[in-house]
Trainee: 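Attaching a single structure in structure tokens format; questions to follow.
The shown structure was predicted, so the numbers you read here are calculated from the model rather than taken from an experiment. Hydrogens, waters and symmetry mates play no part in the numbers below; they use all other heavy atoms, side chains included. Chain letters run A, B, ... following the sequence lines, proteins first, then strands; residues in each count from 1.
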2 protein chains.
Amino acid sequence: MILKEISINFTSPVPVYEQIKRNIKHIIAKDILKTNDPLPSIRELSSFLKINPNTVARAYRELQQEKIIDGRPGKGFWASSKKPSGKEKIVMLEDEFNKFIEKAVDMGVSPESVKEMISKYFREEK
Amino acid sequence: MILKEISINFTSPVPVYEQIKRNIKHIIAKDILKTNDPLPSIRELSSFLKINPNTVARAYRELQQEKIIDGRPGKGFWASSKKPSGKEKIVMLEDEFNKFIEKAVDMGVSPESVKEMISKYFREEK
DNA sequence: ATTACTGTATTAACATATTGATACAGTGAA
DNA sequence: TTCACTGTATCAATATGTTAATACAGTAAT
């Protein structure tokens with residue numbers, strides 16, 4: 001089971017349902033959970049974490065909307081076979097990157113300087 | 001006066017104090033307000049926008065912490081002479097960019113793909 | 001049909017963030 | 001000092017976001 005892979009920091013300002021989402025996303029991205037592999041049921045995970053089932057349900061519902069997992073009453077949830085494609089992910093990232101650029105413009109930084117900063121960032125990456 | 005340059009959308013989910021901050025930042029970035037130029041007083045702006053003085057005060061206080069403006073009781077606020085330097089802005093942007101990269105990693109997108117997406121983004125910019 | 005699991009929906013409790021009401025304190029000019 | 005303006009601090013009202021309590025409904029095996 002993947003229960004041991006999921007850890008929550010209850011003192012963090014990041015809401016629990018959000019931490020659950022991130023955990024599951026990591027687990028699927030790392031291919032620990034492959035297509036159609038079952039997730040712990042809502043009640044199983046909620047009692048393991050000692051939290052309300054609704055909190056897990058919210059995380060699962062949003063992951064389902066993001067096409068990362070799928071599920072049905074009586075059957076549980078499982079890693080989706082239609083996980084977001086590379087192309088879909090890139091579209092989502094472009095959206096995020098746009099917001100980043102807007103922030104830069106808000107700060108009065110020219111696109112050229114942003115470009116240069118990013119080049120440097122990747123160059124210095126190890 | 002720069003009152004006419006400031007417009008707030010009260011139906012937006014973005015809080016009013018945040019919108020005020022962005023407005024002022026734009027005005028200063030565009031050099032409409034130069035070093036030591038006075039801003040409207042807290043009460044002047046709050047009555048112009050028909051909102052509580054505290055909301056404007058919060059915006060001004062945070063802008064002051066970001067060194068974008070400065071002020072004193074009895075004197076009002078003015079555009080700071082020590083506006084964040086280009087270097088300081090870049091440091092702040094690097095921080096934002098790091099968060100962006102983390103999101104990408106969370107989504108399971110390789111740094112190479114991110115790099116490629118960004119190159120394309122700048123290439124297609126007009 | 002019964003049982004024992006699944007997910008879902010509704011409502012309330014609670015925490016946090018945002019805005020407002022109001023009183024207080026600093027500055028400088030008359 | 002007095003006045004008319006500044007910003008500041010404290011607390012309450014409100015809106016929003018998060019989690020919990022609880023009851024409901026779907027699925028499959030017996």
Trainee: Whole angstrom is fine here: how far is it from CD in A:E18 over to P in D:dT18?
Mentor: 8 Å
Trainee: Could you state the atom-to-atom distance from CD1 of B:I51 to P of C:dT22 in whole Å?
Mentor: 17 Å
Trainee: Within this structure, what is the NZ-to-P distance between B:K50 and C:dG20, rounded to whole angstrom?
Mentor: 13 Å
Trainee: Among all residues two or more places apart in sequence or in another chain, which pass the side chain to side chain donor-acceptor pair (under 3.5 Å) test with B:Q64?
Mentor: B:D70
Trainee: Spell out, yes or no, whether A:I118 and B:I101 are grouped together once hydrophobic residues are joined by side-chain heavy atoms under 4.5 Å, including indirect joins.
Mentor: yes
Trainee: Do B:V16 and B:I68 sit in the same hydrophobic cluster, where Ile, Leu, Val, Met, Phe, Trp and Tyr count as joined when their side-chain heavy atoms come under 4.5 Å apart?
Mentor: yes
Trainee: Quick one: A:D70 CG to C:dT8 P, roughly how many Å, whole number?
Mentor: 10 Å
Trainee: Are A:I51 and A:V14 connected, step by step, through hydrophobic side chains (Ile, Leu, Val, Met, Phe, Trp, Tyr) whose heavy atoms are closer than 4.5 Å?
Mentor: no
Trainee: Are A:L49 and A:L3 side-chain neighbours, meaning at least one heavy-atom pair lies under 4.5 Å?
Mentor: no
Trainee: What is the distance, rounded to the nearest whole Å, between atom CG of B:L45 and atom P of D:dG7?
Mentor: 10 Å
Trainee: Can you see if the side chain of A:T55 gets near the phosphate of D:dA20 - specifically, an N or O under 4.0 Å from OP1 or OP2?
Mentor: yes
Trainee: Grab the CD-P distance between B:Q19 and C:dT19 for me, whole Å please.
Mentor: 9 Å
Trainee: Take the protein atom CD1 of A:I8 and the nucleotide atom P of D:dT18, then report the distance between them rounded to whole Å.
Mentor: 14 Å
Trainee: With hydrophobic residues grouped by side-chain heavy-atom distances under 4.5 Å, do A:V109 and B:I24 end up in a single group?
Mentor: no
Trainee: Taking the nucleotide of DNA chain D with the nearest heavy atom to each, does B:K75 or A:Y17 sit closer to the 5' end?
Mentor: B:K75
Trainee: Give a yes/no on whether any side-chain N or O of A:S41 is located under 4.0 angstrom from OP1 or OP2 of C:dT6.
Mentor: yes
Trainee: Ring-plane angle category for A:Y121 and B:F97, please: parallel below 30°, perpendicular beyond 60°, tilted otherwise.
Mentor: perpendicular
Trainee: Quickly work out the A:R58 CZ to D:dA20 C1' distance and round it to whole Å.
Mentor: 13 Å
Trainee: Please produce a list of atom pairs where a protein N or O lies less than 3.5 Å from an N or O of nucleotides 8-15 of chain D.
Mentor:
{"residue": "D:dA9", "atom": "N6", "partner": "B:N54", "partner atom": "OD1", "Å": "2.9"}
{"residue": "D:dT10", "atom": "O4", "partner": "B:N54", "partner atom": "ND2", "Å": "3.3"}

